[in-house]
Structure formats: C-alpha cells, structure tokens
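A quick write-up on the structure given underneath.
Not measured: the values here are computed from a predicted model.
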Amino acid sequence: MLTHEFESNGNPIIRDKHTADPAVLVEGDTLWLFAGHDAAGNQSGYVMKDWLLYSTTDMKHWTEYPSPLRVDDFKWADSHQAYAGHVARGKDGRYYWYVSTNWCGIGVAVSDKITGPYKDALGKPLLTNKDCFASKHSWACIDPAILIDDDGTPYIIWGNKECYYAKLKDNMTEIDGEIHRIDVPNFTEAPWMHKYNGKYYLTYASEWPEKIAYAVADHIGGPYTPMGIISEIAGNSNTTHPAIIKFRDRWLFFSHNGGLPDGTSYSRSIIAEPMSYDAEGRIRSIPATTEGMQACTLKRE
C-alpha cells in the first residue's frame, strides 16, 4: 500500500487536495480522518467522485492512504456523487462506511481493515428519500452520522432540512424499528452526534450560508434544548460540516471552509480547532479562523 507522509502547519490541514465533510474515529493513539474529496478549480457545483483517508497520532504528522472507496463502487448510485460519509466499527470488528450519494440515498460499505478496501455491503441503499417521511425535496436523504451509544447500541442520524434518526441492528446494515424525526430549530444538514457527561449533543449546519449550531438532550430522540452557535459562517464556503471527538484527553472540533488560495464553496478544505466546555456543559464558541490548528498539535508519546 502506497502512503504519503506530511506535516500540517496550521489550517487547512491538507493543502495538496480539496477536502470536505470530515468524519473522525479514534482507535488507541490514532485519530482517523475520513474526508470527502472536492475537485479543484472553479466549477459551479460539487464534483466529488471518491472519499479520502488520513491518520495522525499528534495532529501534526499525518499519513495519507490510497482512496479506499469510490462512489462508483455503489453500482446503484446513478448520481455518481460522493457526498458526506461516516465510518464506525461494528461489534464484529469490521468497519462500516455510511455515505450519501445525493438523491440516490445513503449506502453502506464494509471492510475488515480501517484502511480498506471497502465494498458495498448491500447492493442497494440503506436509506432513501422514502424513509424521509417529513421531506419533499430530492436531496433529503444525505449526511449520515453514526453514534455508538454507551451500551453499544448503534444509531444513524441524517437529513437535509429535516433531521432523522434510527436504531441500527447489530449487523450495522439494517434499520431496527421505526425512523424518527429530531426537532431542532434552523436545521440545514450535516448532523453529528456525540455524548458528554451523559447527555446527547447534536451538532449541525444551520441556516444559509451555514453556521454550526448545537442542541442538547437527555435522550437521543429528545426533546432537544437549543444551545446556540459554536462556529460562525465558514470562510469562502456556503457550507460547513462538523465532527467532534475526544483525542488524547482533548476535545477537537473539525469542519471545513474554502481556506486554500483557490478555495471556493465547491473546492473546500478541512480544518480543526481545540474545543472545550464551560462548567455548565456548554460548548465554548470557536472563532472563525484558519490558524487554530497550531493549538491542536499534541505531544507524540
């Protein structure tokens, strides 16, 4: 397997490619970053054909791996659009990559190794617009995120304009029971769910151009209390996409902007910032900046 080693010297993290829609997974002393891949240039829409994979042990020294998954690996995805995804490890030890393909639905690919290669696990979408019962538009079924709860129960959260969630079966490839809607104000897309002090934190892109807002609940289905804005409008990009994780005892907040010199809303770049909570469990706001990555660098053991 050919890999590429590089150092990150501030945001954006990756500068030789345009990356978007971050998802992160920590295993041991390694953080894995899964990324969408925007085409470079001045195109007037999203040109995304594959997903990318990176790892780090200190947020400064990174390894890039060969692309483990392409949208054309899903033969049913007539859109040929590799939108946002999220990877989770199942109880069977395998890795499941949930991806959105715009109007064709959400698919799931599986691999025995985190680095892939990944293969379509179902030969059909896991979720489609028919499952988005409160939505009327064709791109409602996008942006999957996975939460493995404290008791090991897996949940999938997704949606555009309306936010949905459902329990997954232990095989990670079937919905277990009913699909539910989560009611939060000004939800646009890009949900991400994590837990802190036993509470559910739903982070999401809000309004247009997008900011990142969050809401908190005692139960995954809510009711959710809106808590405000974490991050304001991303530089040079109408969209943004949150991912939050604890790594080496520090909380990190990932998103994307158009921060490269040739960046646009359709040629974006992933960034990361330190994140913290106040004594009441509120997430402290994160200034809109392209320089915060310096503070994220962690000691290598």
Side-chain angles (χ1 to χ4, degrees), residues 11 20-26 31 33-36 83-88 98 100 106 142-150 154-166 180-234 237-247 250-257 268 270-278 280-289 292 296:
N11 281 321
D21 303 328
V24 284
L25 175 65
V26 169
L31 181 144
L33 170 62
F34 303 86
Y83 281 14
H86 190 148
V87 175
Y98 301 82
S100 47
I106 291 170
I142 64 170
D143 291 358
I146 305 297
L147 174 73
I148 307 296
D149 213 339
D150 299 335
Y155 293 93
I156 184 168
I157 308 99
W158 75 97
N160 175 284
K161 295 188 179 181
E162 293 81 28
C163 185
Y164 300 92
Y165 84 97
H180 306 273
R181 183 180 175 187
I182 295 176
D183 184 21
V184 288
N186 300 315
F187 177 87
T188 303
E189 59 186 355
W192 179 274
M193 186 85 73
H194 76 281
K195 293 188 76 174
Y196 178 73
N197 284 349
K199 293 185 179 293
Y200 295 84
Y201 283 66
L202 175 63
T203 313
Y204 56 95
S206 176
E207 302 181 330
W208 189 263
E210 294 174 350
K211 306 173 182 179
I212 295 178
Y214 77 110
V216 177
D218 292 324
H219 305 281
I220 191 167
Y224 279 84
T225 301
M227 303 296 286
I229 300 297
I230 301 174
S231 182
E232 294 290 341
I233 295 170
S237 174
N238 285 328
T239 66
T240 187
H241 194 112
I244 295 172
I245 202 158
K246 192 175 186 180
F247 179 49
R250 293 185 64 184
W251 286 95
L252 300 177
F253 175 88
F254 292 78
S255 59
H256 70 232
N257 62 18
R268 298 161 293 179
I270 289 174
I271 62 173
E273 313 282 351
M275 194 190 84
S276 62
Y277 305 84
D278 68 16
E280 297 179 348
R282 291 177 175 270
I283 298 174
R284 293 187 173 94
S285 62
I286 297 172
T289 176
C296 278

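By the 4.5 Å heavy-atom criterion applied to side chains, Asp21 and Arg268 are counted as neighbours. Looking at heavy atoms from C-beta onward, Pro191 lies in side-chain contact with Leu202 at the 4.5 angstrom threshold.
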* Could you give me the CA-CA distance, side-chain angles and deciding distance for Leu31 and Leu252, then say whether side-chain contact (heavy atoms from CB on, under 4.5 Å) is met? => CA-CA 11 Å; Leu31 181 144; Leu252 300 177; 4.3 Å; yes
* Might you work through the side-chain contact (heavy atoms from CB on, under 4.5 Å) test for Ile244 and Tyr196, ending with a clear yes or no? => CA-CA 11 Å; Ile244 295 172; Tyr196 178 73; over 6 Å; no
* To do: Applying side-chain contact (heavy atoms from CB on, under 4.5 Å), run through Thr239 and His256 and close with a yes or a no.
  => CA-CA 8 Å; Thr239 66; His256 70 232; 2.9 Å; yes
* Asked: Could you go step by step and tell me if Asp149 and Lys195 meet the side-chain contact (heavy atoms from CB on, under 4.5 Å) rule?
  -> CA-CA 8 Å; Asp149 213 339; Lys195 293 188 76 174; 2.9 Å; yes
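Atom-to-atom distance recorded for Ile230:CD1 and Ile212:CD1 is 6.5 Å, nearest 0.5 angstrom. The distance from atom CD1 of Ile182 to atom CD1 of Ile157, rounded to the nearest 0.5 Å, is 6.5 Å. Between atom CD of residue Glu232 and atom OG of residue Ser285 there is a gap of 8.5 Å, rounded to the nearest 0.5 Å. With rounding to the nearest 0.5 Å, the separation of OH in Tyr83 from CD1 in Ile142 is 7.5 Å. From Asp183, atom CG reaches atom CZ of Arg181 across 6.0 Å, with rounding to the nearest 0.5 Å. Once rounded to the nearest 0.5 Å, the distance linking CE of Met275 with CZ of Arg250 reads 11.5 Å.
The closest donor-acceptor contact from the side chain of His241 to the backbone of Ala190 lies at 3.5 Å or more, if one exists at all. The backbone N or O of Tyr277 sits less than 3.5 Å from a side-chain atom of Arg284, completing a donor-acceptor pair. Remark: side-chain polar atoms of Tyr224 are paired, donor with acceptor, to backbone N or O of Ile220 under 3.5 angstrom. Listed for the Asn257 side chain is no donor-acceptor partner under 3.5 Å among the backbone atoms of Thr240. In this structure, Ser255 contributes its side chain and Pro242 its backbone to no donor-acceptor pair below 3.5 Å.
Partners of Tyr165 according to the side chain to side chain donor-acceptor pair (under 3.5 Å) rule, which considers only residues two or more places apart in sequence or in another chain, do not exist here. Not counting sequence neighbours, the partners of Pro209 by the side chain to side chain contact (heavy atoms under 4.5 Å, CB included) test are Ile233, Asn238.
Counted by atom type alone, Tyr204 and Asp143 present zero donor-acceptor pairs between their side chains at under 3.5 Å.
Minimum interatomic distance between Ile106 and Ile156 (heavy atoms only, all atoms of both residues): CG2-CD1, 4.5 Å. In this structure, Pro185 and Ser206 approach most closely via the heavy-atom pair O-OG, 4.5 Å. Across all non-hydrogen atoms, the minimal contact from Tyr200 to Asp218 is CE1-O, 3.5 Å. The two atoms that bring Pro22 and Trp192 nearest to each other are O-CZ3, 4.5 Å, heavy atoms only. The minimum heavy-atom distance between Pro223 and Ala217, with the atom names listed, is O-CB, 3.3 Å. Residues Arg282 and Tyr214 share a closest heavy-atom pair of CA-OH, 3.3 Å.
For an aromatic pair to be called close, the ring centres must be under 6.0 Å apart, and His194 with Tyr201 satisfies this.
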